[in-house]
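Read the structure below first, then the notes.
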Amino acid sequence: MSANWNPELYQSSHSFVWEYGRELVALLAPQPGERILDAGCGTGQLTAEIARASGDALGIDSSPTMIEQARKNFPGVRFEVADIMALDFREEFDAVFSNAVLHWVRDAGSAAAAISRALKPGGRFVAELGGRGNIRRLLGAAYQAMGSLGIREPERFNPWYYPSVAEYATVLEQSGLSVTYAALFERMTPLEGGEDGLSRWLAMFGGAFRDLLGSGQWDEFVSRVQERAAPALLKDEQWLADYVRLRVVAMK
């Protein structure tokens with residue numbers, strides 16, 4: 001997972017991440033007295049909602065800048081810099097929650113094992129992440145743009161993990177978590193920022209592509225992505241992301 005997030009850009013142009021995440025908090029249904037871990041909390045909006053309901057929530061994120069912003073946003077909530085892959089909690093939480101994070105973790109098995117260790121027996125894991133087919137059209141446009149800029153086999157540089165229901169259920173079950181609910185669904189998502197919506201999305205989430213291309217080619221890359229993506233993803237001057245989400249509930 002990237003540790004170089006821009007919290008200002010995240011909050012100003014990507015509030016849809018936590019706005020949609022409120023549905024997941026409802027599925028979590030935090031109860032008073034429960035201790036809950038928000039794994040990949042970003043700038044803390046959902047952690048704060050969980051804390052109001054349970055009274056005991058901890059938000060973690062691998063990005064120090066995001067944690068710094070979360071602490072400023074919600075000084076009464078606990079936040080720590082921590083990597084999901086390196087969690088050292090042992091049967092401490094009634095629930096682990098994760099929204100729009102785990103598709104950044106390529107080693108899904110190690111992440112699931114760490115989450116399972118953190119849960120008390122009988123605890124629950126509630127998560128949503130990008131699923132099989134997520135941003136297929138957007139990625140296709142990005143690959144074409146990179147190819148036109150001389151990058152061979154650009155698919156090799158995809159930083160994301162988008163599993164199917166069966167694939168992710170197997171990963172969780174191998175870590176001692178029993179899947180009780182799983183759904184894969186499309187959610188075409190309007191991007192904030194008007195005509196700059198796609199360029200802002202790429203600036204926020206396309207760090208792997210920026211690192212590959214270098215700053216000198218970035219503007220041209222964005223322009224070529226927009227040109228190739230527009231027929232499918234630009235509707236009435238509104239950019240859309242062709243999201244496919246995987247939502248799961250599992251018990252330990």
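In this structure, CZ on F74 lies 10.5 Å from SG on C41, to the nearest 0.5 angstrom. Interatomic distance, CG of N158 versus OH of Y143, reported as 3.5 Å (0.5 Å rounding). A distance of 9.0 Å separates CZ of F221 from CG of L212, quoted to the nearest 0.5 Å. Of the inter-residue distances, the one linking Y161 atom OH with D107 atom CG reads 9.5 Å to the nearest 0.5 angstrom. Rounding to the nearest 0.5 Å places CD of E195 at 8.0 Å from CD of E237. With rounding to the nearest 0.5 Å, the separation of CD1 in I36 from CG in L28 is 4.5 Å.
Not one N or O on the side chain of R200 forms a donor-acceptor pair closer than 3.5 Å with the backbone of E192. Under a 3.5 Å cut-off, the side chain of D61 and the backbone N or O of S63 do form a donor-acceptor pair. A distance-only check finds no donor-acceptor pair linking the side chain of D83 to the backbone of S62 [under 3.5 Å]. Between the side chain of N73 and the backbone N or O of T43, at least one donor-acceptor pair lies under 3.5 Å. No donor-acceptor distance shorter than 3.5 angstrom exists from the side chain of E92 to the backbone of K120, with no hydrogens or angles considered. In this structure, the side chain of S98 engages the main chain of A39 through a donor-acceptor pair within 3.5 Å. Under the 3.5 Å distance criterion, the side-chain polar atoms of T170 are matched with a main-chain donor or acceptor of A166. Of the possible donor and acceptor atoms, one in the side chain of K252 sits under 3.5 Å from a partner among the backbone N and O of S116. N99 places no side-chain N or O within 3.5 Å of a backbone atom of E128 that could act as its donor or acceptor partner.
The side-chain heavy atoms of L246 and P163, taken from C-beta on, include a pair separated by under 4.5 Å. Put simply, the side chain of H103 does not reach to within 4.5 Å of the side chain of N134, judged on heavy atoms. Between W218 and L202 the shortest side-chain heavy-atom distance falls below 4.5 Å. You'll find the side chain of I135 reaches within 4.5 Å of the side chain of W201, heavy atoms only. Side-chain contact check for W239 versus Q226: some heavy-atom pair is nearer than 4.5 Å. Contact of the L24 side chain with the F97 side chain is registered, since non-hydrogen atoms from C-beta on lie closer than 4.5 Å. Side-chain contact between L184 and Y168: absent, with no pair of heavy atoms (C-beta onward) separated by less than 4.5 Å.
F93 is linked by a ring-ring contact (aromatic ring centres under 6.0 Å, His included) to F89, counting only residues two or more places apart in sequence or in another chain. M188 pairs by the side chain to side chain contact (heavy atoms under 4.5 Å, CB included) definition with L233, L240, D242, not counting sequence neighbours. Checked against side chain to side chain contact (heavy atoms under 4.5 Å, CB included), A111 has the following partners two or more places apart in sequence or in another chain: I84, M85, L102, V105.
Taking the six-membered ring where tryptophan is involved, the planes of W160 and W104 are perpendicular, since the angle between them exceeds 60° and thus also 30°.
Contact check on E23 versus R245 returns no salt bridge, with no Lys/Arg side-chain nitrogen under 4.0 Å from an Asp/Glu carboxylate oxygen. With respect to R35 and D94, no salt bridge is recorded, no charged nitrogen being found less than 4.0 Å from a carboxylate O. A salt bridge links E49 and R22; the closest N-O separation between the charged side-chain nitrogens and carboxylate oxygens is under 4.0 Å.
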- request: Show your working on side chain to side chain contact (heavy atoms under 4.5 Å, CB included) between L138 and L198 and close with a plain yes or no.
  value: CA-CA 9 Å; L138 199 163; L198 183 54; 3.9 Å; yes

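Among all heavy-atom pairs drawn from R124 and A29, the shortest one is NH2-O, 3.5 Å. The minimum heavy-atom distance between L58 and T47, with the atom names listed, is C-CG2, 4.1 Å. In terms of heavy-atom proximity, A232 sits nearest to R137 at CB-CD, 3.5 Å. When all heavy atoms of A51 and V77 are compared, the closest pair comes out as CB-CG2, 4.2 Å. The minimum heavy-atom distance linking P154 with I151 is given by the pair CD-O, 3.7 Å. Scanning both residues, F209 and A142, for their nearest heavy atoms gives CE1-CB, 4.3 Å.
Linking Ile, Leu, Val, Met, Phe, Trp and Tyr residues whenever their side-chain heavy atoms come within less than 4.5 Å leaves M251 and V248 in two separate clusters. Both V25 and L27 sit in one connected hydrophobic cluster of ILVMFWY residues. Membership requires side-chain heavy atoms under 4.5 Å apart, directly or through other members. Under the 4.5 Å side-chain contact rule for hydrophobic residues, I50 and F79 do not share a cluster. Both V165 and F125 are assigned to one and the same hydrophobic cluster, defined by single-linkage of ILVMFWY side chains at heavy-atom distances under 4.5 Å.
Applying the side-chain hydrogen bond (donor to acceptor under 3.5 Å, both in side chains) test to pairs two or more places apart or on separate chains, none has a residue in residues 175-186. Residue pairs satisfying the salt bridge (Lys or Arg N to Asp or Glu O under 4.0 Å) criterion with at least one member in residues 145-161, sequence neighbours excluded, are listed as follows: E153-R156. Screening residues 165-185 for salt bridge (Lys or Arg N to Asp or Glu O under 4.0 Å) gives R132-E167 as the qualifying pairs, with residues at least two apart or on separate chains.
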